[in-house]
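Beneath this line is the structure, given in structure tokens, with notes to follow.
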Amino acid sequence: MISFAADRARRTARTDHWLAELLGDESGVALVAVGGYGRRELLPRSDLDVVLLHGGRDDIAGIADRIWYPVWDSGAELDHAVRTVPQARRVARTDLKVALGLLSARHVAGDPDLTERLRAGALEDWRAAAPVRLAELRDAHDQRTRTYGELAFLLEPDLKEARGGLRDVHAIQAVAAAWVAPAAGPKVRTAYEQILDVRHALHETTGRRLDRLVLEEQDEVARALGLLDGDVLLRMLAGAARTVAYAADHAFRQAARLHGRRLRRRPSERRPLADGVVEQDGEVVLARAADPARDPALVLRAAAAAAQAGLPLAPRTLTRLTDCPPLPVPWPGSARDALLALLGAGESAVSVWEALDTEGLITSLIPDWERVRNRPQRNPLHKYTVDRHLAETAAHAAALTREVARPDLLLLAALLHDIGKGWPGDHSITGEVVARDVGRRMGLTGADAELVAAVVRHHLLLPVVATRRDLDDPVTVKQVAAAVPSRAMLELLHALAIADGLATGPAAWNDWKATLVADLVRRVTAVLAGQPRPGPAPLRDDQLALAAGGGPGATMRGSEVTVVAPGRPDLLWRAAGVLASHRLAVRSANATWVGDTAVTVFDVEPEYGEPPDATLVAADLRRMLQGRLDVSERLERRVRAAAPRPATGRAAMPAPRVTLVDDASETATVVEVRAHDAPGLLWRVGGALGECGLDVRAARVETLGAEVVDVFYVTDSGGKPLAGADLRRATVHAVLAALG
């Protein structure tokens with residue numbers, strides 16, 4: 001990777017020389033660089049942070065103007081102050097940002113004694129008020145994390161403010177300046193330079209003072225740094241940010257521990273946690289008799305003890321654990337048990353796993369981990385890199401171990417379910433091979449390794465089928481039961497679907513999806529037990545009463561909308577248009593008949609905020625059924641209002657795709673539509689199907705970020721699956737035209 005450190009040094013030296021000439025030969029005055037300029041880190045678009053110090057000169061305003069105006073005329077951004085040393089110290093005592101800037105103070109020109117008095121005084125004040133200032137510093141760090149998130153896991157990270165970014169290294173330096181923790185080590189300094197180089201390249205390529213690395217700029221920034229593409233750039237940033245974040249956490253713990261010692265005024269005790277592992281000062285360290293060089297399982301034993309106790313591993317301990325020799329293959333049972341104890345600790349296991357990964361200990365245990373380590377996921381549904389997502393999934397799975405017969409295999413499958421994303425091709429297929437190999441490496445029996453591999457292969461089966469297929473269609477349950485031959489595997493897949501969804505993010509798992517997956521599991525369980533396949537849920541009494549009236553009629557009860565009308569095969573998509581006009585997104589819909597009356601039941605959710613008035617929705621549905629509502633015109637207004645304005649740099653949208661699936665039902669053809677989400681999409685697709693003379697029997701709608709996967713069960717005019725090539729071709733073309 002190309003380094004811009006020399007460029008920053010040259011820019012800083014040129015600026016120093018220029019400002020020194022502007023100041024000239026003045027006594028009792030000093031020009032001091034602070035902040036990034038003080039650290040000699042001037043980027044192409046950095047502002048100049050300077051303080052003009054004086055000893056009380058009456059003509060200081062004229063001297064300041066002689067410097068500031070040429071700087072402004074040059075177009076440079078200037079953050080300036082004119083103060084005496086006592087004034088500067090006074091401001092720093094009440095302003096954390098100013099205090100941190102002064103910790104980087106550097107003499108540029110003028111009287112060096114003034115600069116030294118300021119530096120020494122600022123450090124003296126910082127150390128004297130360390131307990132208070134370091135608490136402020138930690139609060140500022142926590143607030144930044146809440147506001148900007150974690151640099152390592154963001155698709156468009158803020159390089160300066162996000163957790164693990166440049167500000168955190170400045171915080172480490174500030175803690176070290178208070179003499180409560182060591183200064184940043186070589187790993188942190190290297191990570192800092194990498195992040196700083198990315199910010200430098202971002203300024204260079206955009207010509208703007210930016211801190212946020214947006215998607216449109218990532219490939220160009222990567223090229224400026226000599227990297228292959230934006231993915232390689234994000235992966236490098238993730239590793240650097242994790243190193244910084246871990247070091248910052250340790251620095252803040254050091255600060256808190258020092259404060260605690262001052263309150264206790266007595267030495268801390270060492271409490272045994274496991275063989276060769278003890279707790280000291282709120283961290284997990286090795287016992288005095290521990291010998292990492294002779295104990296391959298010590299790394300997992302120490303990690304499990306830390307996670308179970310909810311404590312961090314001390315940095316010195318992590319360094320010593322790198323001396324552990326490789327585990328024999330297959331692993332001894334004690335090592336496997338320690339791994340399961342680590343994963344089974346749940347949420348507290350994640351930070352311990354991160355610490356091991358920072359030192360490269362995970363890849364020494366599981367070599368295949370290297371392929372997913374720090375790998376970004378360019379998917380707005382995912383909050384984390386692949387490796388962190390796997391650790392988070394295992395943490396969520398730990399809460400579900402009571403629900404399955406094999407909790408050990410659930411934890412391992414959760415840890416490995418996306419391991420195939422480090423290889424080309426379908427990650428479920430490649431992941432099956434890798435998971436089988438890792439299972440054998442860990443010493444699982446042949447049958448257990450095969451079960452873990454099968455769960456990894458089918459880990460998406462339940463959520464995909466539940467949200468994209470009609471659960472009332474006999475073929476749906478039959479196909480799942482064929483892929484999942486045992487109750488034990490079904491339990492593991494169900495628990496893993498929940499853990500995976502929760503670890504992905506709120507857009508990937510919600511009550512609706514959880515209910516559908518549970519319903520599918522209930523039906524497959526009955527088939528595996530040899531019991532009769534559960535039939536579709538019967539209509540409620542109020543729905544039957546509505547249908548008995550012959551219609552047209554409509555009711556809305558919570559998230560469920562029921563619409564009835566005599567002899568209306570187009571009822572589903574026309575009603576969907578009305579719901580879309582009220583900003584209600586359809587998640588699923590099922591159509592049935594009661595005598596000659598069509599009954600369609602929708603599951604809906606509001607697109608934003610509070611749901612609309614149920615009475616108004618039902619009234620508009622009835623008006624549509626009576627031919628007194630122009631749904632098309634109303635939806636067109638919505639589409640025009642929602643149309644995005646042209647923007648430079650907008651990524652090209654992939655073309656929509658329409659697929660006919662024949663083996664998903666014996667009584668209908670499944671039309672699967674993948675497209676960018678838009679208001680009234682279900683209405684437009686349904687209208688296109690209707691123009692082809694098709695009847696929509698059921699629909700499943702899933703929105704994944706800005707993309708939708710909509711599935712329609714359709715039959716021809718005779719109530720049969722689509723057979724003729726001309727009709728099938730016309731159906732695909734009609735839907736694509738509607739989407740266009």
Side-chain angles (χ1 to χ4, degrees), residues 336-337 339-346 349 366 368 386 389-421 426-467 469 471 476-504 508-509 513-530:
R336 192 168 58 254
D337 289 344
L339 173 64
L340 293 171
L342 166 60
L343 300 177
I366 308 172
D368 290 286
V386 177
H389 171 70
L390 293 175
E392 291 282 343
T393 303
H396 284 288
L400 300 168
T401 51
R402 304 289 188 277
E403 311 299 322
V404 297
R406 292 297 304 271
D408 54 338
L409 301 189
L410 171 62
L411 294 172
L412 294 178
L415 182 67
L416 301 173
H417 75 280
D418 276 349
I419 196 76
K421 287 185 175 178
D426 185 327
H427 78 279
S428 297
I429 296 174
T430 56
E432 176 185 15
V433 177
V434 177
R436 181 181 293 111
D437 290 344
V438 173
R440 289 170 176 166
R441 179 185 186 86
M442 292 179 177
L444 294 181
T445 65
D448 285 351
E450 289 300 324
L451 182 52
V452 169
V455 171
V456 170
R457 172 68 179 87
H458 294 290
H459 72 273
L460 295 175
L461 178 67
L462 296 182
V464 167
V465 170
T467 55
R469 293 294 180 264
L471 301 189
T476 301
V477 175
K478 181 179 176 182
Q479 289 181 339
V480 174
V484 185
S486 70
R487 174 68 181 272
M489 182 175 173
L490 183 63
E491 287 179 348
L492 292 173
L493 286 174
H494 188 192
L496 179 54
I498 296 171
D500 187 15
L502 292 171
T504 299
W509 192 256
K513 184 175 285 188
T515 300
L516 288 178
V517 170
D519 188 21
L520 176 59
V521 169
R522 178 181 64 85
R523 295 167 187 253
V524 176
T525 298
V527 171
L528 293 177

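Interatomic distance, CD1 of I498 versus CG of L493, reported as 11.5 Å (0.5 Å rounding). To the nearest 0.5 Å, atoms CE (M442) and CG (D448) are separated by 13.0 Å. Atom CG of L411 sits about 9.5 Å away from atom CG of L342, to the nearest 0.5 Å. One distance of note links CG of L412 with CG of L343; it measures 6.5 Å at 0.5 Å rounding. Annotation: the span from T401 atom OG1 to E403 atom CD amounts to 8.5 Å, rounded to 0.5 Å. Atoms CD and CZ, on E450 and R457 in that order, are 13.5 Å from each other to the nearest 0.5 Å.
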- Message: The test is side chain to side chain contact (heavy atoms under 4.5 Å, CB included); show your working for L416 and V455 and say whether it passes.
- Response: CA-CA 10 Å; L416 301 173; V455 171; over 6 Å; no
- Assess whether side chain to side chain contact (heavy atoms under 4.5 Å, CB included) is satisfied between L520 and V524, documenting all intermediate values. CA-CA 6 Å; L520 176 59; V524 176; 3.9 Å; yes
- Determine, step by step, whether V477 and L471 satisfy the side chain to side chain contact (heavy atoms under 4.5 Å, CB included) criterion, reporting the C-alpha distance in whole Å, the side-chain angles of both residues, the deciding distance to 0.1 Å, and the verdict. CA-CA 7 Å; V477 175; L471 301 189; 5.7 Å; no
- Message: side chain to side chain contact (heavy atoms under 4.5 Å, CB included) for R523 and T476? Distances and angles first, verdict last.
- Response: CA-CA 10 Å; R523 295 167 187 253; T476 301; over 6 Å; no
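Within a 6.0 Å radius of CZ in R487, other residues, nucleotides and ligands contribute 12 heavy atoms or fewer.
When all heavy atoms of A503 and T393 are compared, the closest pair comes out as CB-OG1, 3.3 Å. What you find for A449 and G439 is that their closest heavy atoms are CB-C, 4.4 Å. For the pair A508 and G501, the tightest heavy-atom approach, listed with the atom from each and the gap, is CB-O, 4.1 Å. Considering all non-hydrogen atoms of both residues, A453 and A435 come closest at CA-CB, 4.3 Å. A pairwise comparison of heavy atoms in E491 and A405 identifies OE1-N, 3.0 Å as the closest pair. Here the closest heavy-atom approach between residue G346 and residue A395 is recorded as O-CB, 3.5 Å.
Taking a cutoff of 4.0 Å between a charged side-chain nitrogen and a carboxylate oxygen, R441 and D368 do not qualify as a salt bridge.
V517 is listed as a side-chain neighbour of H494, based on a closest heavy-atom distance under 4.5 Å. Contact of the V527 side chain with the K478 side chain is not registered, since no non-hydrogen atoms from C-beta on lie closer than 4.5 Å. Put simply, the side chain of M489 reaches to within 4.5 Å of the side chain of H458, judged on heavy atoms. Side chains of I419 and V438 form no contact here, defined as non-hydrogen atoms less than 4.5 Å apart.
With L516 as the partner, the side chain to side chain contact (heavy atoms under 4.5 Å, CB included) test is satisfied by one option alone out of L462, V521, T467, V465: T467. Checking each of L409, D408, L410, L415 against V452 for a side chain to side chain contact (heavy atoms under 4.5 Å, CB included) leaves exactly one that passes, namely L409.
With hydrogens and angles disregarded, no donor-acceptor distance shorter than 3.5 Å links the side chain of H389 to the backbone of V386.
With hydrogens and angles left out, the side-chain atoms of D500 and H417 include a donor and acceptor closer than 3.5 Å.
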